[in-house]
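Following: one structure in structure tokens, then a few remarks.
In this chain, residues are counted from 1 in sequence order.
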Amino acid sequence: MPSWLPGIVVAAVALGLAWLVHTLVPGIPILTACVVLGIAVAQIRPARSSLDGVLKPGLSLASKRLLRLGVVVLGLKLSLVDLAGLGWQTVLVVIGILALTFGVTYALGRWARLPGDQPLLLAAGFSICGASAIGAMSAVTRDRGKDAATPVALVTLFGTAAIAVLPLAGGALGLSDLQFGAWVGASVHDVGQVVATAQTAGAAALGIAVLVKLTRVVMLAPIVAITSAVIRRSGPVEGASRPPILPLFVAGFLVAVVVRTVLPIPEAVLTSADTVQTVLLGLALFGLGTGIRLEKLVRAGGRAVLVGLAAWVFIAAISYAAVVVLPLTR
């Protein structure tokens with residue numbers, strides 16, 4: 001029996017449970033449920049010997065290779081023609097929000113003295129597209145994702161909070177459906193969380209939310225490439241290899257975007273690809289969730305949680321300002 005099989009089987013069972021939860025409570029995204037299940041299992045002390053033993057090869061395979069395959073398939077969601085329909089002003093505003101959030105989150109993480117690559121991974125997760133961005137950025141960091149578990153937990157925590165908080169806040173602030181959708185797309189981390197939040201305001205809000213969100217997602221490749229170039233120029237670190245300028249799976253993501261843009265892909269194929277992406281990322285996020293030890297977060301003084309909270313509030317605030325002041329929904 002392959003060493004990775006037990007871990008993959010357990011992850012698949014967890015994915016099935018997450019799918020059931022989503023079916024019963026559609027407001028809970030499947031991928032969010034996968035991470036939460038992984039975190040919950042990791043807190044059961046008798047289970048940790050299995051998680052760190054017989055299940056580890058499969059969970060590691062899921063959290064790395066399957067995550068990267070999921071990022072590639074994610075590219076099929078993106079048509080550059082659709083994004084162009086937003087208008088160049090809106091696209092520039094969204095990119096500006098992303099850049100500011102990335103820079104502020106990274107600076108906060110460094111100021112809080114978070115360990116290793118956590119500041120960089122938090123910046124990617126909160127500004128671009130949650131766990132998918134963290135997985136992509138991990139490929140070009142020095143430790144190749146050793147610090148990814150905590151950032152994934154935090155983008156899941158605050159992205160899930162957004163599903164409950166933003167609809168209430170949008171109503172209190174008097175936002176129109178289009179304004180609310182743009183606000184959600186510009187500020188919520190994961191695509192599934194964006195859908196779960198924006199659908200509460202109807203089809204118009206959901207449509208613009210997804211387009212604005214995918215504008216952020218398409219920035220994944222250039223930001224990973226720029227980060228890799230900066231890390232490579234900083235010189236080698238003893239015991240660490242130099243990261244690739246553009247990881248192969250990020251190049252695959254770009255190819256998928258181009259294919260979706262230039263070829264008339266049948267709707268049935270796109271639906272199947274969406275299911276495949278959910279399966280791959282669901283297995284991966286359960287695997288990442290099993291690496292979370294909540295007591296370690298508590299012993300660390302909650303610094304990472306405070307940085308995540310500050311980043312969440314920051315991106316929500318500047319996105320709201322953009323929706324109200326700038327032509328984000330025109």
Side-chain angles (χ1 to χ4, degrees), residues 2 4-5 7-23 26 28-38 57-80 82-83 125 128-136 138-139 145 148 152 155-156 159 189-196 199 206 210-211 213-214 216-218 220-221 224 247-290:
W4 49 262
L5 186 57
I8 293 294
V9 169
V10 170
V13 171
L15 174 62
L17 290 175
W19 218 301
L20 177 61
V21 169
H22 174 70
T23 301
I28 300 177
I30 295 172
L31 300 185
T32 298
C34 286
V35 179
V36 171
L37 283 172
L59 295 175
S60 178
L61 173 69
S63 62
K64 293 179 181 178
R65 294 188 181 181
L66 297 189
L67 176 61
R68 294 173 183 181
L69 288 174
V71 171
V72 172
V73 181
L74 176 62
L76 290 176
K77 286 181 177 288
L78 300 171
S79 169
L80 298 181
D82 292 340
L83 300 187
I128 309 173
C129 55
S132 299
I134 293 170
S138 295
V152 167
V155 297
T156 301
H189 316 313
D190 178 77
V191 176
Q193 293 164 347
V194 167
V195 171
Q199 69 185 359
L206 178 59
V210 171
L211 280 179
K213 176 61 191 176
L214 294 182
R216 292 165 63 194
V217 174
V218 82
L220 176 64
V224 169
L248 184 60
F249 73 95
V250 177
F253 167 83
L254 287 175
V255 170
V257 172
V258 172
V259 168
R260 173 65 191 278
T261 302
V262 302
L263 295 180
I265 302 177
E267 189 62 33
V269 174
L270 293 176
T271 301
S272 298
D274 187 64
T275 301
V276 170
Q277 179 217 324
T278 299
V279 170
L280 291 171
L281 293 182
L283 296 173
L285 294 181
F286 175 79
L288 284 169
T290 60

To the nearest 0.5 Å, atom CG of Leu61 lies from atom CG of Leu283 at 9.5 Å

Side chain to side chain contact (heavy atoms under 4.5 Å, CB included) evaluation trace for Leu280 with Leu67: CA-CA 6 Å; Leu280 291 171; Leu67 176 61; over 6 Å; no

Check step by step if side chain to side chain contact (heavy atoms under 4.5 Å, CB included) holds for Trp4 and Val9. CA-CA 9 Å; Trp4 49 262; Val9 169; over 6 Å; no

Taking atom CG of Leu288 and atom CG of Leu59, what is their separation to the nearest 0.5 Å? 9.5 Å

What's the spacing between Leu74 CG and Cys129 SG if we round to 0.5 Å? 6.0 Å

Test of understanding: with side-chain contact (heavy atoms from CB on, under 4.5 Å), list the residues that count as partners of Val155, not counting sequence neighbours. Phe126, Ile134, His189

Minimum heavy-atom distance between Thr275 and Trp19, given as atom pair plus value: CG2-CH2, 4.1 Å

All heavy atoms of Val250 vs all of Ala136, minimum pair found to be CG2-CB, 4.4 Å

Considering non-hydrogen atoms only, spot the tightest contact between Leu83 and Leu211 and give its length. CD2-O, 3.6 Å

State whether the side chain of Lys213 and the backbone N or O of Val195 hold a donor-acceptor pair below 3.5 Å, judged by distance alone. no

Measure the OG-CG distance between Ser79 and Leu214 for me, rounded to the nearest 0.5 Å. 10.0 Å

Start with the C-alpha gap between Leu220 and Val71, add the side-chain angles, then the distance that decides, and say whether side chain to side chain contact (heavy atoms under 4.5 Å, CB included) holds. CA-CA 10 Å; Leu220 176 64; Val71 171; 3.9 Å; yes

Taking the side chain as every heavy atom from C-beta outward, state whether Val191 and Leu31 have any atom pair closer than 4.5 Å. no

Can you name the closest pair of heavy atoms from Phe249 and Gly135 and give their distance? CZ-O, 4.1 Å

One should read off an interatomic distance between Arg68 CZ and Leu281 CG, to the nearest 0.5 angstrom, of 13.0 Å

In terms of heavy-atom contacts, Gln277 and Lys77 come closest through OE1-CE, 2.8 Å

What's the shortest heavy-atom distance between Ala131 and Leu285, and which atoms? CB-CD2, 3.2 Å

Residues 261-269 side chain polar contacts: donor-acceptor under 3.5 Å, at least two apart:
{"residue": "Thr261", "atom": "OG1", "partner": "Leu80", "partner atom": "N", "Å": "3.1"}
{"residue": "Thr261", "atom": "OG1", "partner": "Val257", "partner atom": "O", "Å": "2.8"}

Short side-chain to backbone donor-acceptor contact, Thr290 and Gly287, under 3.5 Å: yes

With rounding to the nearest 0.5 Å, note down the distance linking CZ in Phe286 to CG in Leu15. 10.0 Å

By salt bridge (charged side-chain N to carboxylate O under 4.0 Å, His left out), which residues pair with Asp82, not counting sequence neighbours? none

